[in-house]
Amino acid sequence: MLYDMIVPAYKNGLGALSAQLDKALATGAENGVGEMQLIVARLAPDMFPLASQVRFSCLQAIQPPTRLGAIGAPTLTDDATDFAGLQAQIAATLTWLDTVDAATLDADPDRAVSFDLPNGMVFDMTARAYVRDWAQPQFYFHLVAAYSILRHMGIPLGKVDYVGYMMAYLRPGTPPSA
């Protein structure tokens, strides 16, 4: 149950982010927006830049399985300095997610999970509450922040770029006409 709530969702989201970065790099090259301009772009002065949002998206996909017992997670300590580095972080995370054992994550949804934040706050909750109330919102926050930064920088992204994986579920004959 917990595995199904997080691992497939994280793989879908990171796959979409990877495709968004590819589109951003191509669009930037066509329009004179350099790779470094995109890497350091942010929505507000007090928000983290694109490179941090990508790394945080990866970390938010790594931390929940790790806190629920998964092992062998990649270490992502620094922001990437180019798009190849961003893609490498995503690829490492996706590769590791493929190794996560569902039985380990699903062992006991009511087991205790504790974690602390750098500001000293400590949270105690069940695994189920952790996934629902912390893990999922944190992952999507950083994923949307990265998407929003790219949109802010003029990259022509739309909903299909964010949830393109949903096309696998589209009922035949129901797409809107152009």
* Got Val100 and Tyr3 here, is their nearest side-chain heavy-atom distance under 4.5 Å? -> yes
* To do: Report whether Leu14 and Phe141 are members of the same hydrophobic cluster (ILVMFWY, side-chain heavy atoms less than 4.5 Å apart, transitive linking).
  => no
* Quick one: CD1 on Ile71 to OG1 on Thr99, what's the gap to the nearest 0.5 Å? -> 8.0 Å
* Asked: What heavy-atom pair brings Arg171 and Pro175 nearest, and what distance separates the two atoms?
  -> O-CD, 4.1 Å
* **Heavy-atom pair with the smallest gap, counting every atom of Leu2 and Ala127** => CD1-CB, 3.7 Å
* Looking only at atom types and distance, does a side-chain atom of Asp106 sit under 3.5 Å from a main-chain N or O of Ala103, one as donor and one as acceptor? -> no
* To do: Nearest 0.5 Å please: distance from the OG1 atom of Thr27 over to the CE atom of Met153.
  => 12.0 Å
* Looking only at atom types and distance, does a side-chain atom of Thr95 sit under 3.5 Å from a main-chain N or O of Ala91, one as donor and one as acceptor? -> yes
* Side-chain donor or acceptor of Lys23 paired with backbone N/O of Pro156 under 3.5 Å -> yes
* Asked: Which atom pair, heavy atoms only, marks the closest approach of Phe139 to Gly13?
  -> CZ-CA, 4.2 Å
* In Å, rounded to the nearest 0.5 Å, how long is the span from CG of Leu157 to OH of Tyr147? -> 5.5 Å
* Just by distance, do the side chain of Gln89 and the backbone of Asp78 share a donor-acceptor pair under 3.5 Å? -> yes
* Interatomic spacing from CG in Leu50 to CG in Asp79 - rounded to 0.5 Å -> 9.5 Å
* Asked: Do Leu68 and Ile6 come within less than 4.5 Å of each other through their side chains, counting heavy atoms only?
  -> yes
* Is there side-chain contact between Lys11 and Thr93, with at least one heavy-atom pair below 4.5 Å? -> no
* Under 3.5 Å, is there a donor-acceptor pair between the Asp22 and Gln87 side chains? -> yes
* Ignoring hydrogens and angles, state whether a donor on the side chain of Asp110 or Thr126 is under 3.5 Å from an acceptor on the partner side chain. => no
* Cluster link Phe56 to Leu117, ILVMFWY, side chain under 4.5 Å -> yes
* Tell me, do Gln20 and Leu17 make a side-chain contact under 4.5 Å, heavy atoms counted? -> yes
* To do: Classify the side-chain pair Tyr130/Gln136 by whether it contains a donor and acceptor separated by less than 3.5 Å.
  => no
* Asked: Any idea which heavy atoms bring Ala51 and Ala80 closest together, and the distance?
  -> CB-O, 3.5 Å
* To do: Only one of Val54, Leu86, Thr81 passes side-chain contact (heavy atoms from CB on, under 4.5 Å) with Ile39; say which it is.
  => Leu86
* If you take all heavy atoms of Gly85 and Asp82, which pair is closest and at what distance? -> N-OD1, 2.7 Å
* Asked: Under 4.5 Å between any side-chain heavy atoms of Val163 and Lys159, yes or no?
  -> yes
* **Main-chain N/O of Phe48 paired to Ser52 side chain as donor or acceptor, under 3.5 Å** => no
* Co-membership, hydrophobic cluster, residues Phe123 and Val113, 4.5 Å side-chain -> yes
* Heavy-atom pair of closest approach, residues Ala61 and Trp96 -> O-CZ3, 4.1 Å
* Asked: Got Trp134 and Pro64 here, is their nearest side-chain heavy-atom distance under 4.5 Å?
  -> no
* Rounded to the nearest 0.5 Å, what's the gap from CZ on Arg128 to CE on Met5? Could you check? => 8.5 Å
* Would you say the side-chain atoms of Asn31 pair up with the backbone N or O of Val33, donor to acceptor, closer than 3.5 Å? -> no
* Asked: Do Met47 and Tyr140 sit in the same hydrophobic cluster, where Ile, Leu, Val, Met, Phe, Trp and Tyr count as joined when their side-chain heavy atoms come under 4.5 Å apart?
  -> yes
* Got His142 and Arg55 here, is their nearest side-chain heavy-atom distance under 4.5 Å? -> no
* To do: Could you go through the side-chain contact (heavy atoms from CB on, under 4.5 Å) check for Tyr10 and Leu97 one step at a time?
  => CA-CA 8 Å; Tyr10 296 164; Leu97 286 170; 3.9 Å; yes
* **side-chain contact (heavy atoms from CB on, under 4.5 Å) assessment of Val131 paired with Leu105** => CA-CA 11 Å; Val131 166; Leu105 271 57; over 6 Å; no
* To do: With the side chain counted from C-beta on, respond yes when Leu25 and Leu38 share a heavy-atom pair under 4.5 Å apart, and no when they do not.
  => no
* What is the distance from atom CD1 of Ile155 to atom OG of Ser148, rounded to the nearest 0.5 Å? -> 13.0 Å
